[in-house]
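Worksheet: one structure, shown below.
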Amino acid sequence: MSLISVRHLTRTFDVSKPWLNRVIERRKKAFLTAVSEVDFNVEAQTTYALVGESGSGKSTIGRMLVGLLTPTSGDVEINGVNLASETDAAKIDHIRSDIQMIFQDPFASLNPRWRVRDIIVEPVAARGGDTTGLAEKLLEQVGLSALDAGKFPHEFSGGQRQRICIARALSSEPKLIVCDEPTSALDVSVQAQVLNLMSDLKDNFGLTYVLISHDLTVVRHMADRIGVLYLGRLVEEAAPEDLFNNTKHPYTQMLLEAAPRMDGFGREAKLPEGEIPDPINPPSGCAFNPRCPLAVERCRTERPKMRDIGNTRVACHLAE
Amino acid sequence: MSDPVLSIRNLCVEIPTRAGIVRPVDSVSYDIAAGEILGVVGESGAGKSMAGNAVIGLLNPPARIASGEIWLNGKRIDTLKGDAMRRLCGKHIGMVFQDPLTSLNPLLSIGDQLTETMLTHLDISREDARKRAIAALEEVGIPGAAERIDSYPHEFSGGMRQRVVIALALCAEPSLVIADEPTTALDVSVQAQIIALLKRLCRNRGTAVMLITHDMGVIAEAADRVAVMYAGRLAELGSVRDVLTAPRHPYTHGLMASTPLASAGQPRLHQIEGAMPRLTAIPEGCPFNPRCERAADKCRQAPAPRIVDGQAACWFPRVAEEAS
Amino acid sequence: MTDTSHKSDAEIIAPKLAEKSRLRVFLDSDIFYAFRRSPVAVVSTVVVLILVLSAVFAPLVAPTNPFDPSSLNLMNGFSSPMQPNAFTGDTFLLGTDDQGRDVFSTILYGMRVSLFVGVAAVLLAMVLGITLGLISGYVGGWTETIIMRVADVQLTFPSILIAMLIFGVAKGFTPVEYRDQMAIWVLILAIGLSDWVQFARVVRGATLVEKRKEYVEAARLIGRTPFAIMLRHILPNVLSPVLVIATISLALAIIAEATLSFLGVGAPATQPSLGTLIRIGQGYLFSGEWWILLFPAVTLLMLALSVNLLGDWLRDALNPRLR
């Protein structure tokens with residue numbers, strides 16, 4: 001059985017103006033569909049990456065996986081337990097302690113008034129567990145010194161803070177860590193250190209990662225399976241070698257083409273058409289159709305279903 | 001080769017702090033020729049933006065230029081003050097920042113901002129300025145430029161705003177454009193569009209560009225030459241192909257190798273141990289020596305050699321054969 | 001990452017030493033550094049400290065106890081400052097009032113009342129404002145709407161008016177024989193209730209910012225209760241603006257108390273505050289006994305001004321954008 005199973009996951013946000021403005025300006029309520037009918041499975045002890053541009057819903061999915069947001073419809077099951085509908089409090093608590101998250105901004109994700117020790121052991125302390133020496137042990141595991149436990153977050157650089165975040169995530173001995181853009185605020189050389197650390201920890205502790213990123217190169221390096229999101233929809237899912245070498249969806253192709261390359265000296269890239277549409281009024285049919293060079297009439301009217309082509313899942317009428 | 005548009009000589013920027021004077025930019029020299037894009041690359045705190053700000057006189061006090069010279073079109077500009085500096089910068093230097101909203105006035109329509117800039121610096125009539133503004137917006141790829149010229153900045157998407165900023169930066173026909181992380185806030189697909197636009201316009205007009213970024217990929221695709229900075233100093237300067245394919249400085253080499261792309265297929269990424277030193281604690285000798293695999297006694301004692309184009313500030317540079 | 005995004009460059013490197021105490025952290029902090037370099041801040045702190053200490057230790061500092069009838073001598077009435085009294089030959093530093101009470105002593109005792117009322121009223125306003133601000137910021141929805149609309153309505157009235165209203169209503173409920181005893185507490189209640197709004201607004205605003213930060217999400221993820229998150233995570237991070245407002249509010253509360261007492265609806269003559277002293281003194285101003293009015297007034301001015309200057313400095317020091 002998969003560790004995570006996501007079925008028809010949908011999340012809408014009410015982005016309406018206050019009711020008085022709506023009455024005066026005669027506007028209807030406005031809803032933004034951040035995630036729409038997303039399905040995927042994550043196997044235990046693998047890294048599943050969600051990649052997409054801004055507004056693709058990747059962070060919203062991450063927050064629903066860990067229970068920070070509830071789905072509007074659809075299910076998230078972790079180890080067979082649905083956090084949103086489960087009523088057994090003990091079961092929920094047990095699952096929650098198996099899930100942790102690493103956030104994007106290492107400057108906002110640590111409480112500036114707490115000592116590092118208290119930050120790291122909070123997940124354990126909150127459940128009344130024994131925390132003696134725990135912070136020191138974890139700090140050494142993430143490559144910092146045990147002496148750092150008594151310091152405050154502002155005494156550390158961005159990369160070191162991200163290590164502290166990782167130590168905090170590890171303290172409750174989770175099975176699953178959702179990493180939301182863990183290195184996008186870091187410099188390249190620091191990013192390499194943090195990614196290596198994440199790989200090592202995964203092997204040592206048998207962790208499962210859901211890695212959320214906009215950076216295709218990071219995703220390619222880390223992931224066992226990659227889901228590409230566009231405007232809240234999963235458009236393609238494949239293993240890295242298939243996704244990069246045998247790309248099925250035109251959006252993925254566009255992304256790969258547009259990403260800057262280290263060897264692209266003076267390259268005249270085939271430029272992407274247009275920009276990401278307004279998610280409040282997404283295009284009908286396939287969300288990518290206005291920018292798609294291959295779009296036909298069917299793409300404008302009928303939303304493509306996820307189809308299996310070999311080991312790749314793709315939502316495109318024309319892919320083969 | 002003709003005279004460079006911008007020439008920086010031994011530029012030092014100092015900031016007095018509680019812990020003594022720090023030097024975010026230390027003895028930096030480089031030139032940019034007309035129509036050339038110089039990529040200035042480095043990690044946070046490398047001083048790359050500070051050097052750009054020094055050129056346009058935008059250093060926030062107490063930061064100041066301590067020594068060195070900045071020449072623009074054969075005229076020394078680091079000694080200019082206040083009004084003279086502003087006038088010169090407005091006319092000869094265009095700026096593109098990371099966040100387009102900081103360079104656009106939210107209360108003026110983009111048409112007004114473009115025409116005002118042109119009227120201040122060019123000798124043309126208001127009607128001409130408006131016509132040229134529309135043409136400029138068309139040139140940067142804004143659909144329906146004639147209708148949208150009276151729109152306000154918030155009515156544009158992020159990518160479109162950055163296009164407007166580029167139009168604004170180029171409308172007074174400057175000889176130099178400083179683009180500081182112009183695409184960092186943008187999505188990959190829009191980034192490609194903006195980089196291509198900047199490249200095309202500057203090449204066509206013969207504008208010199210200082211492209212400040214942390215992204216090696218952007219440098220590779222856009223720049224002609226590249227200046228790699230580390231701890232406020234130049235680590236390496238040379239043509240983009242040379243520097244990226246056969247880096248001489250161990251730092252450049254490590255930086256290139258630590259990108260996930262360069263390590264494709266390997267389970268671990270190449271790692272440079274440690275982190276860039278804080279400005280208050282830059283090591284003696286070569287600032288990179290504590291993190292460098294090649295460091296010898298000389299590196300810990302003597303400051304790294306000063307460099308010219310095609311060299312690395314290193315006592316023991318890598319030679320071409322070594323390059324992976 | 002750009003050079004300008006975070007201030008890590010300018011921060012001082014942290015040597016790997018043993019754990020620093022909170023005091024050490026404070027002494028090394030930027031704020032303490034800025035404090036030492038600001039003459040205004042240092043001088044006003046010294047003035048506040050002198051005034052507060054002499055008020056707290058008034059029984060030790062004051063030459064006489066002005067409220068002990070046995071020590072009073074009516075013959076000493078209206079002595080000029082530093083001049084020997086014509087009848088008794090006693091000399092008083094700042095003169096005496098109509099009943100022969102030493103003005104210097106009455107000021108010290110009066111300052112006690114003023115400071116006590118001011119501090120207690122600010123504490124009340126602070127507790128009320130922080131609680132309501134935290135709840136409305138963190139919980140949101142209808143709770144927030146109700147709390148903040150009440151605050152808005154209260155803001156449309158001058159706070160001194162509200163204090164007078166509360167004072168009047170509360171006085172109406174107190175039995176006559178307890179009125180003088182209760183007056184001080186009623187005063188605290190009146191000023192405190194008229195002043196909570198700005199605390200609530202600032203705390204709510206800061207809470208809205210903090211609750212979006214990822215460390216709060218991390219705590220929610222662990223399953224911490226909203227109460228624990230508000231108290232342990234958000235509260236410590238919204239306290240610096242509260243500190244600024246509390247200081248400035250203290251100056252305003254002292255003045256508000258003086259105003260009420262001056263108007264005769266505040267501290268009773270048996271427990272006079274600086275405001276009461278000024279009210280008593282103004283009756284003698286034009287008959288030549290200027291010192292009865294002047295010295296309490298100057299003390300009030302010094303107290304309020306130095307507390308206010310300290311608050312202004314704190315605000316600038318804690319908010320670098322204003323500099």
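Per chain, numbering begins at 1; letters A, B, ... match sequence-line order. Values reported hereafter were calculated over all heavy atoms of this structure, with side chains retained and with hydrogens, waters and symmetry mates removed.
Although no hydrogens or angles enter the test, the distance criterion places a donor-acceptor pair under 3.5 Å between the side chain of A/S16 and the main chain of A/A30. No side-chain donor-acceptor contact under 3.5 Å links C/Q154 to the backbone of C/V197. The backbone N or O of C/G137 lies less than 3.5 Å from a partner atom in the side chain of C/K211, making a donor-acceptor pair. Here the side chain of C/D316 pairs no donor or acceptor atom with the backbone of C/W313 at under 3.5 angstrom. Of the possible donor and acceptor atoms, none in the side chain of A/K175 sits under 3.5 Å from a partner among the backbone N and O of A/D98.
Residues of residues 120-134 of chain A that come within less than 4.5 angstrom of chain C, heavy atom to heavy atom, are A/E122, A/P123, A/A125, A/A126, A/R127 in numerical order. Within residues 220-252 of chain C, the residues having any heavy atom closer than 4.5 Å to a heavy atom of chain A are C/R220, C/L221, C/I222, C/G223, C/R224, C/R232, C/H233, C/P236, C/N237, C/S240, listed by residue number.
Between A/I99 and A/I95 there is a side-chain heavy-atom pair separated by less than 4.5 Å.
Per-residue counts of heavy-atom pairs under 4.5 Å with chain C were compared for A/Q100, A/R113, A/R168, A/Q104; the largest is that of A/R113. Contacts with chain C were tallied for A/S109, A/G67, A/A169, A/S97; A/S109 has the most, counting heavy-atom pairs under 4.5 Å.
Separating the CZ atom in A/F205 from the CD atom in A/E173 is a distance of 8.0 Å, to the nearest 0.5 Å.
Annotation: cation-pi pair C/R36/C/Y33 absent, no NZ/CZ under 6.0 Å from the ring centroid and within 45° of its normal.
Counted by atom type alone, C/Y138 and C/E144 present zero donor-acceptor pairs between their side chains at under 3.5 Å. Side-chain atoms of A/E53 and A/H214 form no donor-acceptor pair, as typed in the model, at a separation below 3.5 Å.
Here the two rings, on A/W114 and A/F152, have centers that are 6.0 Å apart or farther.
In this structure, the portions of A/L68 lying under 4.5 Å from any heavy atom of chain C include both its backbone and its side chain.
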